[in-house]
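Structure first, commentary second.
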Amino acid sequence: MRTRVAIIGAGPAGLMLSHLLDRCGIDSVVLELRSREYLEQRVRAGVLESPTVQLLRDVGLGARLDTEGLPHQGFSLRFDREDHRIALNELTGKHIVVYGQQEVVKDLIRARLAAGGQLEFEVTDVTLHDIAASPWVGFTDHGGRRQELHADVLVGADGFHGISRHAYPKGAWRAYDKQYPFAWLGILAQTPPSHEELIYAYTEHGFALHSMRSPAVTRLYLQVAPDEDLANWPDARIWAELELRLALREGNFALTRGPILDRGITAMRSFVAEPMRHGRLFLAGDAAHIVPPTGAKGMNLAIADVSVLAAALEAFFSRNEERWLASYSSRCLRRVWRAEQFSSMMTTMLHIAPTADPFDRQLQLSQLRYIATSAAAATSLAENYVGLPLSDVAP
Ligand code: APR
Ligand code: PHB
């Protein structure tokens, strides 16, 4: 088999890249471990930044997003048992859209298949070869046949646990890695949201987040220990802890309860692999970087990477220009590090570390109060939250 761009992984990064390339007439093949059903059910992130929304619309993926996505003009920082609203739209002129990652994935899979795109689901034993000059990928297809896929370029969009990054030669890259001393227990509940906007709650009992997926489905998170066992969290304990952490001073916040449809624990990590290219292998999305979810940046960074990569590949294939590919890594990493700093700041400001002392807590409260009372501080937070412009993308 031969294609121009062999893409490993059918998450938002891999699928979106394949879609963008198709729009400029560049063929690609996407290889994915999981089944289509699995990818379309998996509950992941849910916040689209303003530039991500614009890009999805611009490339023909706005139809369901514009009818089912929930535009949010602001969110609450809840601390001192009061709400302090960050008016995103007033501060920046922009807003975010709440739309589940698996909905983006559904839209992308549908669009790729409708355009005759080649998506190979349920492949196994993916191996990368000759990444310096004439790259190819070995894999076992859904039917059990061993295949070779030769390409001009390989793209590792296989997430944090993928194999692509490990195909770099030893010493050709460095990793920056930071693990946080807590995790998130997330639930999806069949119940209307208890508040019209997201609530990021800082309390002495730890962090909690109120989010949503639709007018009938709520998404909620609790800070828990990094090694926490889900078995220790029966439904009643989850709801009681959410109520405790989301309570307001006047007692006038009622958390609506409902059947829990999905639950899981996610570790909190910051990770960057540099550079994002070696030879003919390019990394995109979680394969190259992870952010803790507090800043809601993960999916947005994945989409930003591939918008840069698609434009660079177009310049390469249509005009034989290498320079945009040459600067792919450094241009992406500027945005990646901005998101790393923002996500780390949000995480550190809102969680209670097991080692936190009263001094640390006062610093957190002071920062939260500053954001709540200073237009300059709130604007800085809002500008990062709604997403900085996708500059440096087009050659
Ligand atoms: N071969 C083929 N596919 C693989 C392999 C492999 N060896 N390893 C992993 N994959 C697949 C995974 O099954 C997954 O579907 O690669 C895909 C990677 O997708 P994501 O993890 O969604 O990563 P990405 O597309 O970069 O999107 C980043 O995902 O983790 C969230 O919060 C994060 O929202 C962000 C988004
Ligand atoms: C979500 O809805 O899943 C969500 C929202 C905001 C975050 C993280 C996750 O910061």
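Start at 1 and go down the list; that is how both ligands and their atoms are numbered.
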Atoms of ligand 2, numbered as shown, that sit under 4.0 Å from any heavy atom of [X]:
X: L198; answer: 5 (C), 6 (C)
X: P293; answer: 7 (C), 8 (C), 10 (O)
X: V47; answer: 5 (C), 6 (C)
X: Y200; answer: 6 (C), 7 (C), 10 (O)
X: S211; answer: 1 (C), 2 (O), 5 (C)

Practice problem: Just need the protein heavy atom nearest to atom 4 (C) of ligand 2, so name the residue and atom and give the distance. | Solution: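 Closest protein heavy atom to atom 4 (C) of ligand 2: Y221 CE1, 3.9 Å.
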Practice problem: Let me know which of D58, I303, V97 forms a side chain to side chain contact (heavy atoms under 4.5 Å, CB included) with V53. | Solution: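 One option only clears the test, and that one is V97.
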Practice problem: Under the side-chain hydrogen bond (donor to acceptor under 3.5 Å, both in side chains) rule, what do Y221 and R219 come out as? Steps first, then yes or no, please. | Solution: CA-CA 7 Å; Y221 297 94; R219 180 88 171 133; 2.8 Å; yes
Quiz item: Can you list the other members of the hydrophobic cluster that holds L363, where links are side-chain heavy atoms under 4.5 angstrom apart?
Solution: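 Hydrophobic cluster check, L363: joined to F359.
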Practice problem: Using a strict cut-off of less than 4.0 Å between a Lys/Arg side-chain nitrogen and an Asp/Glu carboxylate oxygen, indicate whether R85 and E197 qualify as a salt bridge. | Solution: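 Answer for the salt bridge query: yes.
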Taking the six-membered ring of [Y], is the NZ or CZ of [X] close enough (under 6.0 Å from the centre) and on axis enough (within 45°)?
X: K94; Y: Y385; answer: no
X: R174; Y: Y176; answer: yes
X: R64; Y: Y99; answer: no

Quiz item: Does an N or O from Y385, backbone or side chain, lie closer than 3.5 Å to an N or O of ligand 2?
Solution: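 No - when backbone and side-chain N and O of Y385 are compared with those of ligand 2, no distance drops under 3.5 Å.
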Quiz item: Less than 3.5 Å between some nitrogen or oxygen of R213 and one of ligand 2, yes or no?
Solution: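 There is such a contact, yes.
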Exercise. Before giving the answer on side chain to side chain contact (heavy atoms under 4.5 Å, CB included), spell out for V224 and W233 the whole-Å C-alpha distance, their side-chain angles and the decisive distance to 0.1 Å.
Key: CA-CA 10 Å; V224 294; W233 289 84; 3.7 Å; yes
Exercise. Determine whether the side chain, the backbone, both or neither of W184 has a heavy atom under 4.0 Å from any heavy atom of ligand 2.
Key: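 It is the side chain that gets close, since no backbone atom is under 4.0 Å.
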Practice problem: Report the part of V98 in contact with ligand 2, treating N, CA, C, O as backbone and CB onward as side chain, heavy atoms under 4.0 Å; options are side chain, backbone, both, neither. | Solution: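 Neither part.
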Quiz item: What do you reckon, does V43 put a non-hydrogen atom under 4.0 Å from ligand 2?
Solution: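 No, V43 has no heavy atoms under 4.0 Å from ligand 2.
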Quiz prompt | Residues in the immediate environment of ligand 1 (any heavy atom closer than 4.0 angstrom) | solution =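 Heavy-atom contacts below 4.0 Å: I8, G9, A10, G11, P12, A13, L31, E32, L33, R34, L39, R42, R44, A45, Q101, V126, A157, D158, G159, G162, I163, G285, D286, G298, M299, A302.
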Self-check item: Y202-F207 aromatic ring centre distance below 6.0 Å
Solution: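 Y202 vs F207: aromatic centres not under 6.0 Å.
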Quiz item: Taking side chain as C-beta onward, heavy atoms only, is E241 less than 4.5 Å from R245?
Solution: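 In short, these two side chains touch, coming nearer than 4.5 Å.
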Practice problem: Give a yes or no on whether H142 atom NE2 has more than 12 heavy-atom contacts from other residues, nucleotides or ligands under 6.0 Å away. | Solution: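 Counting other residues, nucleotides and ligands, NE2 of H142 stays at 12 neighbours or fewer.
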